[in-house]
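Read the structure below first, then the notes.
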Amino acid sequence: MRTPTDLPRRRPRPPKSRVGLAVTVAIVLFIAFSLRGIAGFYTDYLWFGELRLHEVWRSVLGAKILLAVVFTLLFFFGMWLSLSIADRLAPPFRATGPEDELVQRYRDVIGERTGLVRIVISALFALIAGVGMSAQWNNWILFRNSTSFGTKDAQFHKDISFYVF
């Protein structure tokens, strides 16, 4: 039988009150940072409603959502595929060097969860890219609703609306 001094030490867990406090602070910060976006959203809704242009508001909102969803999915798939290919092409064993200690610690921590890590990293970056792309809603609406001006450019022989939209 082993003595208690002989056993490996466990790291003490933080008290539950600290975890609850950290979660509460995170939720409050998330709400505080979201207030400006929520206020802008609600103000636009009221403004378009007052002008009786609900359809315009819905089309702008739809364009923002469409761009965010499409580019999030495209970016997620592209990054996940890229990480999967890089993982398959990486050599299983490398010559040791000074930077390999960090790589070995990463592999020890991740272990068999490389697929999950790949999905989480791809999802995080995809969300950032998708939300950023939704800010281009005005360019998308101009592109989708372009009309011909009927006048061609002298040098490139394209309709002038090509340069406007």
Parallel, tilted or perpendicular: which fits the ring planes of Phe143 and Trp140, with parallel below 30° and perpendicular above 60°? tilted
| message | Starting from Val56, can I reach Leu46 by hopping between I/L/V/M/F/W/Y residues whose side chains sit under 4.5 Å apart? | response | yes
inquiry  = Determine whether a donor-acceptor pair (N or O, by modelled atom type, separation under 3.5 Å) exists between the side chain of Thr24 and the backbone of Gly20.
reply    = yes
One should read off an interatomic distance between Glu50 CD and Arg52 CZ, to the nearest 0.5 angstrom, of 7.0 Å
Rounded to the nearest 0.5 Å, the OG1 atom of Thr114 sits from the CD1 atom of Ile121 at a distance of 10.5 Å
Check your understanding: If only atom types and distance count, is the side chain of Ser134 paired as donor or acceptor with the main-chain N or O of Val131 below 3.5 Å?
Key -> yes
Residues Phe75 and Ala126: closest non-hydrogen pair is CD2-CA, 3.5 Å
Distance col, row Ile119:CD1 vs Met79:CE, nearest 0.5 angstrom, shows 12.5 Å
Donor-acceptor pair, distance only, cut-off 3.5 Å: does the side chain of Arg36 make one with the backbone of Ala32?
no
Between Ile27 and the options Val23, Leu29, Val25, the side chain to side chain contact (heavy atoms under 4.5 Å, CB included) test singles out Val23
With clusters defined by side-chain heavy atoms of hydrophobic residues (ILVMFWY) lying less than 4.5 Å apart, directly or transitively, does Ile110 cluster with Phe125? yes
Output for pair (Ile85 CD1, Leu81 CG), nearest 0.5 Å, gives 4.0 Å
**Prompt:** Going through the checks in order, is the side-chain contact (heavy atoms from CB on, under 4.5 Å) test met by Phe76 and Leu127?
**Reply:** CA-CA 8 Å; Phe76 173 81; Leu127 283 173; over 6 Å; no
Report yes or no: do Leu124 and Trp80 belong to one cluster of Ile/Leu/Val/Met/Phe/Trp/Tyr joined by side chain heavy-atom distances under 4.5 Å? no
Is a donor on one side and an acceptor on the other found under 3.5 Å between the side chain of Asp159 and the backbone of Phe149?
yes
Of all heavy-atom pairs linking Ser161 and Thr147, the shortest is CB-O, 3.1 Å
Query raised in the report: Take atom CH2 in Trp57; do more than 12 heavy atoms of anything else shown fall under 6.0 Å from it?
Result: yes
When rounded to the nearest 0.5 Å, the distance separating CE of Met133 from CG of Asn139 is 9.5 Å
Test side-chain contact (heavy atoms from CB on, under 4.5 Å) on Asp87 and Arg118; report intermediate values, then the result.
CA-CA 10 Å; Asp87 195 32; Arg118 196 177 307 129; 2.8 Å; yes
Value for OH (Tyr42) from CG (Leu35), rounded to nearest 0.5 Å, stands at 14.5 Å
Do you reckon Ile128 sits in the same ILVMFWY cluster as Leu66, going by side-chain contacts under 4.5 Å, direct or chained? no
Assess the residue pair Leu61 and Phe41 against the criterion (side-chain contact (heavy atoms from CB on, under 4.5 Å)); give the C-alpha distance rounded to whole Å, side-chain angles, the decisive distance to 0.1 Å, and a yes or no. CA-CA 9 Å; Leu61 184 62; Phe41 179 81; 3.7 Å; yes
* Common cluster, Val120/Leu83, ILVMFWY with side-chain heavy-atom separation under 4.5 Å -> no
Subject >> Sidechain-backbone polar pair: Asp153 side chain, Phe156 backbone, donor-acceptor under 3.5 Å >> reply: yes
Val60 vs Ile141, side-chain contact (heavy atoms from CB on, under 4.5 Å): CA-CA, chis, key distance, verdict: CA-CA 8 Å; Val60 168; Ile141 288 177; 4.1 Å; yes
Practice item. State whether the number of non-hydrogen atoms from other residues, nucleotides or ligands found under 6.0 Å of Phe48 atom CZ is greater than 12. Key: yes
